[in-house]
Amino acid sequence: MSKVLVLHGPNLNLLGTREPEIYGSTTLADIAAMLKERAAQEAVELDSIQSNYEGKLVDEIQQAKANGYDYIILNAAAFTHYSIAIRDAIAAVDVPVIEVHLSNIHTREEFRHHSVISAVVLGQIAGFGVDSYMAALEVVLRRLRAAGKTGKSL
Ligand code: DQA
């Protein structure tokens with residue numbers, strides 16, 4: 001069975017109450033459930049992990065291959081803009097990563113415009129709220145399907 005890891009960075013545990021005008025009112029648990037349900041429709045296993053700690057995210061990325069993950073969907077949150085450690089971890093491992101953001105980082109404060117991880121990911125989806133994650137999952141599912149690695153043929 002194919003496996004997808006969804007990694008959420010700092011402060012995303014507060015989704016639902018954190019600046020809802022920017023990030024929406026859906027909680028992280030809701031997002032995790034929606035993603036898991038969609039993946040399950042294709043017989044794909046999906047796990048979600050949130051951490052406020054850079055090192056924990058680095059550890060998860062490093063171990064993703066050994067833990068059997070085919071893809072990582074990553075919202076590195078604020079680390080997006082300055083964590084060379086997360087960028088290097090992505091570059092070091094053989095697991096493709098899709099970068100997601102709830103908000104459109106390119107239309108917000110200047111310091112959010114640059115992502116240090118963008119150069120080492122498959123692509124970035126930003127600005128669609130929860131649908132950024134759902135769209136990233138659709139990309140992953142299409143790729144798994146093309147590789148004959150989903151449980152169903154759509
Ligand atoms: C975010 C955007 C980042 O700039 C911010 O630090 C976050 C969330 C987003 O999902 O829109 O924490 O990654």
Side-chain angles (χ1 to χ4, degrees), residues 2-42 44-65 67 69-144:
S2 296
K3 282 174 65 173
V4 177
L5 176 63
V6 184
L7 277 180
H8 305 274
N11 299 307
L12 294 171
N13 53 310
L14 301 178
L15 281 183
T17 55
R18 175 193 182 197
E19 299 180 272
E21 64 289 354
I22 297 173
Y23 298 116
S25 53
T26 310
T27 66
L28 198 64
D30 292 336
I31 294 174
M34 287 164 69
L35 289 167
K36 202 173 180 65
E37 191 185 324
R38 175 68 189 109
Q41 289 170 355
E42 311 292 334
V44 170
E45 197 177 318
L46 183 143
D47 300 312
S48 294
I49 296 173
Q50 187 274 334
S51 181
N52 292 327
Y53 299 96
E54 186 180 25
K56 168 71 174 163
L57 296 168
V58 169
D59 284 347
E60 289 297 335
I61 293 165
Q62 283 186 11
Q63 291 156 16
K65 189 87 177 176
N67 288 338
Y69 292 107
D70 298 285
Y71 282 89
I72 299 172
I73 295 172
L74 171 67
N75 184 351
F79 289 142
T80 303
H81 312 298
Y82 67 91
S83 176
I84 307 301
I86 290 177
R87 179 206 154 102
D88 285 352
I90 296 168
V93 300
D94 193 17
V95 180
V97 175
I98 298 184
E99 175 184 354
V100 305
H101 301 284
L102 293 147
S103 64
N104 184 348
I105 56 174
H106 304 287
T107 60
R108 298 183 63 197
E109 302 96 322
E110 184 92 35
F111 67 86
R112 295 187 204 275
H113 294 184
H114 184 62
S115 163
V116 299
I117 67 175
S118 282
V120 291
V121 300
L122 279 178
Q124 182 196 74
I125 302 173
F128 300 100
V130 176
D131 283 345
S132 293
Y133 289 96
M134 299 310 287
L137 180 57
E138 290 308 319
V139 172
V140 168
L141 293 174
R142 285 177 66 88
R143 284 174 172 249
L144 287 173

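Note that ligands are numbered from 1 as they come in the structure, with each ligand's atoms numbered from 1 the same way. Not measured: the values here are computed from a predicted model.
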Residues Glu60 and Lys56 bridged, charged N to O under 4.0 Å:
yes
Would you mind writing out the side-chain donor-acceptor pairs for residues 4-14 within the sub-3.5 Å range, not counting sequence neighbours?
from, atom 1, to, atom 2, distance (Å)
His8, ND1, Tyr133, OH, 3.0
Asn13, OD1, Gln50, NE2, 3.3

Between Ser115 and Glu99, do the side chains contain a donor N or O and an acceptor N or O under 3.5 Å apart?
yes
Once you restrict both partners to nitrogen or oxygen, which atoms of ligand 1 have a protein partner under 3.5 Å, and how far apart are they?
from, atom 1, to, atom 2, distance (Å)
ligand 1, 4 (O), His81, NE2, 2.7
ligand 1, 4 (O), Arg112, NH1, 2.9
ligand 1, 6 (O), Ala78, N, 3.2
ligand 1, 6 (O), Arg112, NH1, 3.1
ligand 1, 10 (O), Asn75, ND2, 2.9
ligand 1, 10 (O), Leu102, N, 2.8
ligand 1, 11 (O), Leu102, N, 3.3
ligand 1, 11 (O), Ser103, N, 2.8
ligand 1, 11 (O), Ser103, OG, 2.6
ligand 1, 12 (O), Arg18, NH1, 3.1
ligand 1, 12 (O), Arg18, NH2, 3.0
ligand 1, 13 (O), Asn75, OD1, 2.8
ligand 1, 13 (O), His101, ND1, 2.8

Taking ring-ring contact (aromatic ring centres under 6.0 Å, His included) as the cut-off, I'd like each qualifying pair that reaches into residues 14-40, sequence neighbours left out, listed once.
none
ring-ring contact (aromatic ring centres under 6.0 Å, His included): which pairs involve residues 81-120, sequence neighbours left out?
Phe79-Tyr82
With a 4.5 Å cut-off on side-chain heavy atoms, are Leu141 and Gln41 touching?
no
